[in-house]
Amino acid sequence: MPEIFTYGFMQRAFIAGAIIGVICPAIGVFIVLRRLSMIGDTLSHVALAGVAAGMLGSIYPIYSALAFSIAAALGIEKLRQEFKDYAELSIAIMLSAGIGLATIFISMGKSNSSIFSYLFGSITLVNLQDIRTVAILGLIIMVSLIFLYRSLFYITFDEEAARLAGVPIKRVSLYFNILVAMTIAVSMRIVGILLVSSMMVVPVAAGMQVAKSFKQTMIYSVLFGLVAVLMGLFISFYWDLAPGGTIVLSGIFILISTLLFKNIKLKVTANHIKATA
Amino acid sequence: MPEIFTYGFMQRAFIAGAIIGVICPAIGVFIVLRRLSMIGDTLSHVALAGVAAGMLGSIYPIYSALAFSIAAALGIEKLRQEFKDYAELSIAIMLSAGIGLATIFISMGKSNSSIFSYLFGSITLVNLQDIRTVAILGLIIMVSLIFLYRSLFYITFDEEAARLAGVPIKRVSLYFNILVAMTIAVSMRIVGILLVSSMMVVPVAAGMQVAKSFKQTMIYSVLFGLVAVLMGLFISFYWDLAPGGTIVLSGIFILISTLLFKNIKLKVTANHIKATA
Amino acid sequence: SGQPAESDGVDHPPEPQVEKIKVFTSFYPYYDFALTVGGELVEVTSIVPASTEPHSFEPTPRILAELEKAEVFIYNGLEFEPWVDGVLELLSGKDIKIINASEGLDLISLEDHDHDHDDHDHDDHDHDHDEDEDEDHDHHHGEFDPHIWLDPMNAAKIAERIKDALSTVSSDNTDVFEENYSSFKAQLEELDVAFSKELEGIPSEDRKIIVSHSAFAYLARRYGIEEISVAGTSPHAEPTPAKLAELSKLAKAYNIKHIFFEVLANPKTAEVLSKEANLEPLVLYNMEGLTDEQQRTGEDYISLMYKNIESLKKALVK
Amino acid sequence: MEKVIEIKNVTFSYDTKMVLKEVSLEVFKGDFIGIVGPNGSAKTTLIKLLLGILEPQQGSIQLLGQAVKSFDQWHRIGYIAQKARDINAGFPATVEEIVAANLYMQTKPFKFLNKEQREKIDEVLSIVDMVDYKKRLIGSLSGGQQQRVFIARALVNNPELIIMDEPLVGVDVASQEKFYGLMALLNKSLGITLAMVSHDIGVITDKTNKVACLGNQSLFLHDSKSFNQTDYIKQVYGEGISLLHHQH
Amino acid sequence: MEKVIEIKNVTFSYDTKMVLKEVSLEVFKGDFIGIVGPNGSAKTTLIKLLLGILEPQQGSIQLLGQAVKSFDQWHRIGYIAQKARDINAGFPATVEEIVAANLYMQTKPFKFLNKEQREKIDEVLSIVDMVDYKKRLIGSLSGGQQQRVFIARALVNNPELIIMDEPLVGVDVASQEKFYGLMALLNKSLGITLAMVSHDIGVITDKTNKVACLGNQSLFLHDSKSFNQTDYIKQVYGEGISLLHHQH
Ligand SMILES: Nc1ncnc2c1ncn2[C@@H]1O[C@H](COP(=O)(O)OP(=O)(O)OP(=O)(O)O)[C@@H](O)[C@H]1O
Ligand SMILES: Nc1ncnc2c1ncn2[C@@H]1O[C@H](COP(=O)(O)OP(=O)(O)OP(=O)(O)O)[C@@H](O)[C@H]1O
Ligand SMILES: [Mg+2]
Ligand SMILES: [Mg+2]
Ligand SMILES: [Zn+2]
């Protein structure tokens with residue numbers, strides 16, 4: 001057995017990473033196509049406000065963070081209706097509100113430096129309990145996605161037409177938003193916010209480069225997500241680098257490869273046509 | 001003179017706030033309409049990577065932060081061409097890359113908790129030197145915006161058509177991106193990143209609710225930006241709250257007011273029509 | 001001194017004849033020191049309440065307005081409080097005694113502190129930090145480990161400067177401050193002796209502790225302990241897997257049985273290592289802040305330091 | 001006869017601008033109604049009201065005997081929007097996936113498309129001559145090709161009523177021909193009710209049995225046979241304008 | 001005569017799909033050329049090549065005597081895109097602001113519009129009958145109204161060559177009539193060269209002097225007078241299809 005697998009924490013990292021590497025891109029495809037790419041970043045800042053509020057009100061901070069995140073996700077949906085043509089604006093507004101509240105709560109005292117420990121996890125630090133949580137979350141998400149696949153696809157492509165085709169758009173959107181908020185609030189504490197929010201975006205962007213249908217986009221995104229996690233963990237272990245960052249940069253590396261691959265393919269075809277024409 | 005104006009630091013806060021309250025929404029109108037609302041957040045995270053890199057390479061961190069921000073702004077522009085139909089995706093990718101690098105650099109040691117001090121300023125702690133910097137930056141930005149107003153408007157509305165109308169879109173985009181990166185990198189250390197990135201978005205969103213033309217959007221956004229700063233500083237002083245967060249929440253308050261105002265206006269007209277019809 | 005009743009100045013009936021000296025400190029330890037030295041003659045305010053996470057902390061205008069009336073201001077320096085530059089500027093030119101606690105102390109540079117765990121040559125911890133080759137001040141930012149207050153003798157030096165400052169502000173009460181200071185100093189010396197004595201006789205190869213975040217370099221240096229930290233001085237830095245693996249190997253190699261974590265920091269690192277290398281977790285207080293619990297039970301610098309001795313003893317005495 | 005659409009005294013305004021004033025309209029099962037009128041005469045607005053996308057300030061609208069507000073049988077209605085082509089060109093979905101999406105009510109969550117459904121998709125795609133493009137990404141099609149995909153999507157559910165807002169915009173002559181052939185088939189043989197907005201007055205009066213003229217906030221319903229195009233043009237656009245398509 | 005457009009042996013493919021093969025075309029000053037062809041016959045592609053939005057894999061293209069690659073006098077060319085209406089409906093700009101934007105080359109950075117320019121804007125807006133909508137937000141206009149604004153925008157610069165990709169899509173009859181009247185004026189009196197894609201074969205052959213037929217990766221140039229519509233339809237779409245607009 002190679003050294004990397006002899007450590008319990010690395011074994012756990014591989015398991016947790018594989019789960020995150022599958023669920024985040026799967027849910028991320030819908031997030032990106034709904035133009036909510038930055039929702040991870042926003043919800044994590046809102047969660048910070050939630051933790052601070054929990055500390056102020058002597059509520060268990062994880063609960064208040066979760067409550068804040070879900071409220072924010074619903075708020076974003078509401079704002080999205082006001083800013084139909086600029087979906088990402090609703091995210092930016094919620095981000096501002098989130099950090100604004102967080103700084104005020106923090107300056108009101110009580111919250112201490114442990115506030116950040118509620119936000120930052122690390123993939124190498126997960127324990128069995130964490131894996132169980134992530135696995136359950138993953139299961140809920142995967143089942144929901146299979147169940148909602150068609151309706152989410154339609155809503156994402158064309159909300160109006162989806163409504164007319166009989167998709168209960170309000171309910172589906174609501175459920176999806178809660179799912180996203182839960183994913184972020186729960187898993188950021190376990191594997192770190194960087195990993196969750198990046199995994200929702202970077203593999204999807206890479207997948208969109210090579211896919212020739214929506215289904216393929218889904219498959220490639222998940223595949224790239226998995227590869228990024230595995231590659232990142234290996235590199236991180238053998239080159240002594242921070243695991244979260246390394247996984248994300250592996251994802252970026254995959255993305256750049258797909259971009260190059262696509263552009264080179266275009267060039268080659270062009271030359272081929274030139275040569276044969 | 002009311003108590004609030006007797007303090008030198010409040011006087012300086014009002015001056016710096018007024019400048020930020022004008023330049024950020026002015027530049028923000030173009031940012032929001034180009035669908036880059038989250039660029040502030042992304043560039044600040046990239047700047048963090050820059051600071052960490054500077055510490056590793058023994059370069060003065062402010063310079064490396066600025067260099068990283070500008071490189072990121074240009075990278076976003078490049079990615080935007082690959083993801084034409086999902087402009088905000090380029091922002092999300094750059095954010096991931098930024099934090100990814102930052103965590104790796106930070107874990108490579110040397111840098112310590114002081115790294116964050118390069119990102120956070122506070123509007124109540126600006127000195128005369130800071131005000132001079134912000135004022136010069138503000139001047140550069142305002143002159144640039146007046147100079148580029150027409151071309152930016154056209155590029156933002158319809159890039160292809162702008163090119164055909166003779167707008168040098170590459171050069172204008174480049175210059176604009178550098179301007180944005182500079183604004184963020186320079187002012188975040190002075191007044192805090194929260195203020196800079198929120199002021200670029202929230203007043204613009206409010207302005208878009210009431211404006212009836214592009215020019216009005218510009219005017220209202222700046223107006224709302226100014227009001228948010230003044231209101232925020234007053235409230236922060238008299239209610240003893242963190243100034244940055246209070247200013248941002250004042251902006252959010254203005255935004256919600258415009259949204260309500262608009263919806264109520266619609267309702268009233270509707271009822272009026274019902275009554276007279 | 002530093003008993004619960006005293007550390008909570010609010011409980012005292014106001015003594016009308018004495019105008020209390022307004023002292024502002026950046027965060028907890030200096031609050032404790034100032035209150036101990038000043039006693040009933042001072043009114044101490046900690047700007048960062050119970051050590052809120054310092055990097056996102058923004059002082060409110062109210063506290064800045066009050067700060068303008070301050071007579072003494074004490075802060076740590078070494079970039080520990082990012083907002084302090086602005087505050088100092090605000091106070092410049094005012095008639096106020098400013099104490100930069102880290103000034104004049106023997107500082108530990110972060111570069112030395114960046115342990116190379118492959119060669120464990122302890123002697124390099126005894127080298128003289130005064131020979132500070134690098135005088136380039138442009139380049140000063142964050143070069144030194146800021147956790148100075150965890151060396152009791154540093155605490156004594158800082159307390160002395162607080163005493164001097166208070167005496168200048170209120171020369172009538174010099175005697176009181178002198179007296180408070182000497183009793184505090186005595187306590188600190190007692191503490192110092194306790195540390196040395198309790199850890200006496202431990203062979204140098206056993207004087208190794210693993211901590212979750214590197215906050216104990218000064219304490220470690222003073223008592224000839226080697227601090228091996230999982231994360232750097234930035235609490236957000238993620239431990240690398242290689243580092244975790246190395247630490248677990250080290251723990252086995254040196255027969256280390258315990259890992260220290262701080263109440264205010266992420267306990268997960270400690271948890272993982274304790275599993276991986278079979279380490280028992282112990283708490284070591286860094287006093288960047290007090291928890292609600294600690295405030296309620298009236299803990300302070302001295303009492304928590306004694307708890308640290310107990311923990312260290314448990315880990316080091318085999 | 002069964003009323004498929006019933007609009008009663010509907011008034012609608014955008015902000016302060018009234019675009020429809022006490023408009024009424026009845027469409028019966030088997031009708032093919034053409035909706036004509038100058039740009040900005042509220043044709044699209046009328047359709048959006050029909051579909052519940054907009055709500056009238058006054059009056060009532062019923063679809064298939066049910067109030068639009070509480071209508072929930074949208075799968076019985078096919079719709080082709082004027083702005084259907086305003087989709088994000090980068091959206092990674094194939095023609096087939098988009099058409100299949102409209103089968104939402106007929107597919108169980110965990111099931112793939114069955115053979116019958118796949119055949120149905122092929123059928124509607126061949127009606128619009130796009131079977132060969134089944135696996136292509138929507139963004140890689142020409143403007144007219146995209147429009148045809150949306151026509152196919154509206155047909156896939158075997159709707160009882162099809163509402164079309166300028167469906168033939170940018171569609172080439174041969175396909176238009178084919179489309180009208182299909183409409184006649186649907187309308188006459190299958191009894192499907194059709195409502196279609198068009199600027200092609202000549203063709204629309206020829207193909208439909210009723211024409212609704214919009215203009216000046218009002219709606220006038222004509223029988224197609226008695227509908228006099230030249231009169232209409234004069235009335236709506238003023239004297240001196242001849243019907244373009246009849247000039248050459 | 002002066003060549004306004006010169007396409008020589010141009011070949012273009014999307015990915016592996018060739019859509020134009022060794023196509024050549026010359027358009028002279030004063031020509032009004034119609035470009036016709038079924039959906040997907042590369043009409044829009046040809047225009048994008050002309051405007052340098054796409055680059056040919058082979059062959060050369062010249063505009064006003066200059067290679068497109070290095071062309072820099074875009075203000076001499078007006079363009080109405082097929083997708084012009086795909087603008088963000090929420091963009092807060094008025095009709096006037098959008099038309100004025102095209103005056104970019106004529107306005108100094110720090111100057112407001114002068115009287116002459118404002119009059120020019122009014123002029124082009126009245127050509128498309130949209131003066132009353134000058135202060136309206138673009139997103140609050142009907143589909144056809146938006147299209148008219150983009151026509152006005154193309155005209156505001158007094159271009160020497162106007163390239164139009166289905167500009168009349170969704171525009172009502174009266175405005176179409178008016179538009180063709182204007183085109184005749186621009187073309188005949190002012191000598192402006194026009195190139196226009198349309199599916200309205202009947203009208204286009206009537207109004208233009210040349211017709212370029214696209215199909216099967218090739219381009220055939222006809223003189224409008226000798227262009228036989230029925231033959232064309234048969235040739236391109238096959239037998240059995242009659243010209244729709246001539247049916248009734
Ligand atoms: N969202 C809106 N806000 C304000 N006014 C609007 C809005 N949408 C449409 N209008 C106005 O309402 C009127 C009717 O618009 P509608 O889109 O229904 O016209 P239409 O008959 O479909 O025109 P077209 O033939 O151009 O498609 C127009 O004058 C238009 O300017
Ligand atoms: N971005 C693209 N990627 C791949 N193929 C494309 C792309 N754009 C167009 N095509 C294909 O190239 C061919 C020509 O497209 P083009 O848009 O030029 O047609 P057109 O003649 O303008 O059609 P229409 O009348 O429908 O507007 C079509 O078969 C289309 O599917
Ligand atoms: Mg319409
Ligand atoms: Mg086309
Ligand atoms: Zn610390």
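To find a chain, count down the sequence lines: A is the first, B the second, and so on, and within it residues start at 1.
Across D:Ile53, D:Asn157, D:Asp72, the residue that shares the most heavy-atom pairs under 4.5 angstrom with chain A is D:Ile53. Note on A:Gln216, A:Arg35, A:Lys215: by heavy-atom pairs under 4.5 Å with chain D, the leading option is A:Lys215.
Two residues are said to be in side-chain contact when any heavy atoms from C-beta on lie closer than 4.5 Å; A:Asp158 and D:Arg153 meet this criterion.
The OH atom of D:Tyr79 sits 9.5 Å away from the CZ atom of A:Arg163 when rounded to the nearest 0.5 Å. Here D:Phe71 contributes atom CZ and A:Leu164 contributes atom CG; the two are 9.5 Å apart, rounded to the nearest 0.5 Å.
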Can you give me every donor-acceptor pair (side chain of residues 70-80 of chain A, partner residue at least two apart or in another chain, under 3.5 Å) with its distance?
from	atom 1	to	atom 2	distance (Å)
A:Glu77	OE1	A:Asn177	ND2	2.8
A:Arg80	NH2	A:Glu159	OE1	3.2

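Taking 4.5 Å as the heavy-atom cut-off, the residues of residues 127-137 of chain D that approach chain A are D:Lys135, D:Leu137, ordered by number. Proximity to chain A at a heavy-atom threshold of 4.5 Å picks out D:Phe91, D:Pro92, D:Ala93, D:Thr94, D:Glu97, D:Ile98, D:Ala101, D:Asn102 from residues 91-103 of chain D, in numerical order.
The two residues A:Met208 and D:Gly90 come nearest to each other via the heavy atoms CE-O, 4.2 Å. When all heavy atoms of D:Tyr104 and A:Pro168 are compared, the closest pair comes out as OH-CD, 3.6 Å.
Residues passing the side-chain hydrogen bond (donor to acceptor under 3.5 Å, both in side chains) test with A:Ser96, sequence neighbours excluded: B:Ser198.
Residue contact with chain D, scored on non-hydrogen atoms closer than 4.5 Å, involves the backbone and the side chain of A:Ser213 alike.
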